[in-house]
Protein chains: 2
Amino acid sequence: MRNLRLALVGFGTVGQGFTKLLSRKEHYLAEEYDLGVEVTAIVDTVLGTVVDHDGIDLDWALEKVEKDGEISDDKDPDTVGLIREEDFDVLAEITFTDIETGEPATSFIKGAIRSGKHVISTNKGPPALAMTELEELAEENGVIYRYEGTVLSGTPCINLGSEAMGGTEVTAIRGILNGTCNYILEEMEKGTAYEEALSTAQELGYAEADPTADVEGFDAGTKIVILANKLMGADLKISDLDRSGISGLTGDEVRDPDESGLKTKLIASAREDDGEINVEVGVEELPVDDPLAGVNGVLNAATFATDTLGDVTIIGPGAGSEATAQSLLTDLLAINDRL
Amino acid sequence: MRNLRLALVGFGTVGQGFTKLLSRKEHYLAEEYDLGVEVTAIVDTVLGTVVDHDGIDLDWALEKVEKDGEISDDKDPDTVGLIREEDFDVLAEITFTDIETGEPATSFIKGAIRSGKHVISTNKGPPALAMTELEELAEENGVIYRYEGTVLSGTPCINLGSEAMGGTEVTAIRGILNGTCNYILEEMEKGTAYEEALSTAQELGYAEADPTADVEGFDAGTKIVILANKLMGADLKISDLDRSGISGLTGDEVRDPDESGLKTKLIASAREDDGEINVEVGVEELPVDDPLAGVNGVLNAATFATDTLGDVTIIGPGAGSEATAQSLLTDLLAINDRL
């Protein structure tokens, strides 16, 4: 049985979700993949840092954070030093996304790669801002950097386009990449006003207290930039995005689909015009027979137009701590498969 | 640049489609994957056999079969001997499916594996009848056997469930796995009689002259057995299938969805009841908000119920020579990725 040693940097909702998943699936991974996973470091500037070369007891860490609100009182770790010097195989980088700078996540990822460690990450900042640099650095250092969870959480999207249908050329992408907007638009189709739908979404935990990143299309925009760069060979920045959100919509603009025959969706898209790839986020009315029209609630979806398969559409969850944690497990198994 | 040497056994529609794809994508594969592909043998008992250790000119072979209806007059090749003794890396097994015996494909695949060659195949017979045996044999011999194209052609389905969302446990599968039935049912929803819809499907090339395998549910049934065994750890045979097709349906049984609010679909499903996995093919009426309800024409789809992602649905082409050829290319690249 192979044993992989992990360092978790970031122990928030997704980090804890991943820890739960590793604990619950211990026997499954041993039986189906002949794989043991040991977490030798958990690093979090809010919840504390624990390093144990014999492997941290995951259930202990989960209970400790639940009971005490922290795992240790070491809140000022030298994260970069620890990533560089500790002996482990894979960095799980699960810190917060800073879409302006990509930091400190990008430095953590570079530090891991340069010291010969593989990286799995759910952080949109680094691939949105520095995908090519990070992938080239990984290749030079003979390690793997994967980030499936940055788009559609654990629903296969990056893996789908680049591997599960490897060899197809993706010519365009259209997706519902933000569940919060999808939920709010569906409520508005039923006649609910924007403010009321947003407030319900916040109560249900679908929307943040500050909903700007979701409702102004920044989140969906970051994801379509990642997809266009990864799957269409583009070299776009977030500033290249033609973006509009849903916050300015009035009830009149979102029609009842039973009357109009059309569903209102926030669509993120990438397509080639005159040899140039353009990315866009904006509200569209879709005919009901569009595969994206039936994607309701907090579900997400993406349609890939390809040279050999025509349109391929995937529909699944786009958020949630367990679904996002699943992306880390999938990426870990993909690395294991290539060792 | 790595160079992979291929032997193609079977030069029918899919074999020729794969040859066209390899020829068309030669530069793309070199640039994107740093991969060269050389076909050193094409073996077909109807169209003839050519072996060239320097690599067959693919465009020559395609033109020759178009012009002369054959590539050589050697119609009686010792296929098993050739597979064992010729020097190549990957067998592309693309012969006809015999769902009763799995032969001669299973023998070809075993011969390749035993002589240290990887195998990519679109043939449903071998995985439906001998998946475990073939996968164990491949593992013992340190080679890879892949068969993405046996279900949903090049639309990711086996790769999706086992790799692109690796680590999820699939608890149930529901799919529209036969485009011929899907097309006929949609025509019947419009009021067309079964016989007329079938005859149109035959004219359009969607249905065979003998449509039994499609319309009686054998094709969809074979595919759901493959999926249940591969993705749910079942050990089922085709004889375990609870199967009914569409040939006995009258117009009255297929209602107008505009009136009933329901879509009539041939659904192949696998689910666990009391610790046992049951596979079934039969007609169902789906509410319009079921992700499978909107899958029209010759499109196929599968919904996987999972432990960590809830339901994940993929929609794409389920047949066609280019889409099926794409599955071979994807499998070839997956092997290349693991060498």
Side-chain angles (χ1 to χ4, degrees), chain A residues 17 21 24-25 28-29 32-33 35 148 152-169 233 288-291 293-296 299 301 303-304 306-317 320 322-334 336-338, chain B residues 17 21 24-25 28-29 32-33 35 148 152-169 233 288-291 293-296 299 301 303-304 306-317 320 322-334 336-338:
Chain A
L21 201 58
R24 176 161 75 79
K25 294 212 178 222
Y28 169 77
L29 294 174
E32 295 293 317
Y33 293 88
L35 178 67
E148 171 64 46
L152 261 59
S153 71
T155 302
C157 193
I158 292 171
N159 293 344
L160 180 77
S162 62
E163 292 174 353
M165 54 186 201
T168 52
E169 287 158 76
V288 286
D289 63 349
D290 187 307
V295 176
N296 290 322
L299 279 180
T303 299
F304 303 91
T306 71
D307 63 336
T308 50
L309 297 173
D311 283 0
V312 173
T313 299
I314 184 109
I315 305 169
E322 190 174 39
T324 309
Q326 174 60 51
S327 76
L328 293 164
L329 179 59
T330 295
D331 280 348
L332 184 68
L333 291 171
N336 180 51
D337 201 19
R338 285 160 178 79
Chain B
L21 201 57
R24 176 160 75 79
K25 294 213 176 221
Y28 169 77
L29 293 175
E32 294 292 318
Y33 293 87
L35 178 69
E148 172 64 46
L152 261 60
S153 70
T155 303
C157 193
I158 292 171
N159 293 344
L160 179 76
S162 62
E163 291 174 354
M165 54 185 198
T168 52
E169 288 159 73
V288 286
D289 62 351
D290 187 305
V295 177
N296 290 321
L299 279 181
T303 298
F304 302 90
T306 71
D307 62 335
T308 50
L309 297 173
D311 283 0
V312 174
T313 300
I314 184 107
I315 305 169
E322 191 174 39
T324 309
Q326 174 60 51
S327 77
L328 293 165
L329 179 60
T330 295
D331 280 347
L332 184 69
L333 291 171
N336 180 50
D337 201 18
R338 284 158 179 81

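Reminder, nothing fancy here: chain letters follow the sequence lines and each chain counts from 1. Given the structure is predicted, the values throughout are model-derived calculations rather than measurements.
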- Look at Thr168(B), Thr303(B), Asn159(B) and state which one has the largest set of heavy-atom pairs under 4.5 Å with chain A. Thr168(B)

Please flag which part of [X] lies under 4.5 Å from any non-hydrogen atom of chain A: side chain, backbone, both or neither.
X	result
Glu32(B)	neither
Asp307(B)	both
Leu333(B)	side chain
Asp337(B)	both
Ser162(B)	backbone
Tyr28(B)	side chain
Leu21(B)	side chain

- Note on the structure: Checked Gly154(A), Gly316(A), Gly167(A) vs chain B; the most non-hydrogen pairs under 4.5 Å come from Gly167(A)

- Message: Suppose we screen for side-chain contact (heavy atoms from CB on, under 4.5 Å). Which residues come up paired with Leu299(A), at least two apart in sequence or across chains?
- Response: Val295(A), Ile315(A)

- Check whether any side-chain heavy atom of Thr308(B) sits under 4.5 Å from a side-chain heavy atom of Arg24(A), and report yes or no. yes

- Validation row: Leu160(B), Ile314(A) side chains within 4.5 angstrom (heavy atoms): yes

- Thr306(A): side chain to side chain donor-acceptor pair (under 3.5 Å) partners, not counting sequence neighbours: none

- Give the minimum heavy-atom separation between Thr330(A) and Glu163(B), together with the two atoms involved. CG2-O, 3.5 Å

- Message: If I compare all heavy atoms of Pro156(A) with all of Ala164(B), which pair ends up nearest, and what's the gap?
- Response: CG-O, 3.5 Å

- Task: Pick one of side chain, backbone, both or neither for Phe304(A), based on which atoms fall under 4.5 Å of a heavy atom in chain B.
- Result: neither

- Message: Donor-acceptor check, side chain of Gln326(B) to backbone of Gly166(A), threshold 3.5 angstrom: yes or no?
- Response: yes

